[in-house]
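To keep things clear, I will list the structure first and then write my remarks on it.
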Amino acid sequence: MMKRRLDLTPGFPAFLAAVWYFDSCGIFWPFLAAMTVHELAHAAVLLLLGGRIESVRLSFAQVELRTGLLSDCTELWSTAAGPGINLLCGWLFRRWMPAFAAVSLLLALFNLLPVWPLDGGRVLRCALLARLPVVQAEHVSEIVSFASCGVLLLAGLVLTFIKKAGLWPLGTAVYL
């Protein structure tokens with residue numbers, strides 16, 4: 001039996017519908033464009049470095065490229081390509097398409113958080129694997145990921161309850 005190359009969960013259209021529905025400041029299309037550019041950069045660098053994409057899974061607020069076994073170098077560069085292109089787009093399009101530029105920068109910053117399985121957590125793990133034995137690299141990566149989540153949760157609590165910024169900071173931190 002042939003495995004599906006595209007796995008679309010009900011969460012992905014639900015996520016897009018929610019972003020569209022609650023879009024009071026016109027970021028739906030810039031967000032979709034920034035997200036698409038991000039994922040295409042991952043795929044392009046992965047393929048350029050000899051990797052293979054076996055399937056793509058689209059779920060709630062997440063696009064996952066499923067690959068075969070990758071070298072640490074291939075994983076590092078293909079993972080860094082997504083936030084890298086978003087940073088570049090944020091700088092290049094800041095004057096002509098400020099909404100796209102802003103969303104690209106925010107997407108890059110979010111993905112660079114050192115939290116597994118975000119791109120920042122994956123880059124950290126790859127960098128650690130280049131310097132440490134596997135068990136130690138995994139352990140350090142987990143500690144940094146949990147500590148980052150703890151800091152984000154604390155920041156979400158402060159922003160939500162002390163600074164009265166609404167529920168989104170706490171909701172985002174809990175989601176992570």
Side-chain angles (χ1 to χ4, degrees), residues 5-9 11-12 15-16 19 27-28 30-94 99-132 134 136-153 155-156 168-169 171-176:
R5 295 189 54 90
L6 178 63
D7 183 15
L8 180 65
T9 69
F12 188 73
F15 172 71
L16 290 179
V19 171
I27 65 160
F28 177 76
F31 175 76
L32 195 58
M35 196 169 128
T36 301
V37 167
H38 179 98
E39 295 306 328
L40 287 174
H42 283 312
V45 171
L46 178 68
L47 295 173
L48 282 171
L49 294 175
R52 200 177 87 223
I53 299 171
E54 295 175 351
S55 66
V56 178
R57 179 180 169 84
L58 304 173
S59 56
F60 188 83
Q62 182 179 2
V63 178
E64 180 184 350
L65 301 176
R66 294 182 174 170
T67 65
L69 190 60
L70 300 174
S71 70
D72 292 338
C73 183
T74 300
E75 184 175 358
L76 174 70
W77 288 109
S78 61
T79 300
I85 197 69
N86 285 133
L87 290 171
L88 182 63
C89 287
W91 183 75
L92 287 176
F93 293 100
R94 68 190 183 280
F100 173 67
V103 171
S104 290
L105 285 173
L106 289 174
L107 186 61
L109 293 175
F110 175 77
N111 272 285
L112 286 173
L113 291 171
V115 176
W116 184 268
L118 295 178
D119 295 336
R122 297 175 70 86
V123 167
L124 174 66
R125 183 179 158 274
C126 289
L128 290 170
L129 285 170
R131 300 278 184 222
L132 299 173
V134 174
Q136 284 181 318
E138 294 286 339
H139 186 66
V140 171
S141 178
E142 287 174 6
I143 289 171
V144 171
S145 186
F146 282 118
S148 298
C149 285
V151 168
L152 289 170
L153 186 57
W168 72 267
T172 303
V174 168
Y175 176 74
L176 279 173

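Here ring-ring contact (aromatic ring centres under 6.0 Å, His included) pairs that include residues 45-71, with residues two or more places apart or in two chains, are Phe15-Phe60.
A distance of 11.0 Å separates CG of Leu32 from CD1 of Ile27, quoted to the nearest 0.5 Å. With rounding to the nearest 0.5 Å, the separation of CG in Leu70 from CG in Leu76 is 11.5 Å. How far CG of Leu109 is from OG of Ser104: 10.5 Å, rounded to the nearest 0.5 Å. Rounded to the nearest 0.5 Å, atoms CG (Leu107) and CZ (Phe31) are 6.5 Å apart. Taken from OG1 in Thr74 to CG in Leu69, the straight-line distance is 10.0 Å, to the nearest 0.5 Å. With values rounded to the nearest 0.5 angstrom, Arg66 atom CZ is found 12.5 Å from Arg5 atom CZ.
Looking at every heavy atom in both residues, Leu105 comes nearest to Gly90 through CG-CA, 3.8 Å. Closest non-hydrogen pair, Val63 versus Phe12, comes out as CG2-CE1, 4.2 Å. Annotation for Val103 and Pro30: closest pair CG1-O, 4.0 Å, computed over non-hydrogen atoms. Ser148 and Pro114 get closest at one heavy-atom pair: OG-CG, 3.2 Å. Contact record, Val115 with Cys149: CG1-SG, 3.6 Å, taken as the closest heavy-atom pair. Between Leu65 and Ala43, the shortest heavy-atom contact is CD1-N, 3.9 Å.
Checked against salt bridge (Lys or Arg N to Asp or Glu O under 4.0 Å), Glu75 has the following partners two or more places apart in sequence or in another chain: Arg122, Arg125. When the side chain to side chain donor-acceptor pair (under 3.5 Å) test is applied to Thr36, no partner is found at least two apart in sequence or on another chain. Legend: residues meeting side chain to side chain donor-acceptor pair (under 3.5 Å) with Asp119, ordered by chain and number and at least two apart, are His38, His42. The side chain to side chain donor-acceptor pair (under 3.5 Å) search around Ser141 returns none, not counting sequence neighbours. For Arg52, the side chain to side chain donor-acceptor pair (under 3.5 Å) test picks out Glu54, with sequence neighbours left out.
The side-chain heavy atoms of Leu58 and Asp7, taken from C-beta on, include no pair separated by under 4.5 Å. Within the 4.5 Å cutoff, no side-chain heavy atoms of Leu128 are placed close to those of Val144.
Ile143 CD1: more than 12 foreign heavy atoms inside a 6.0 Å radius.
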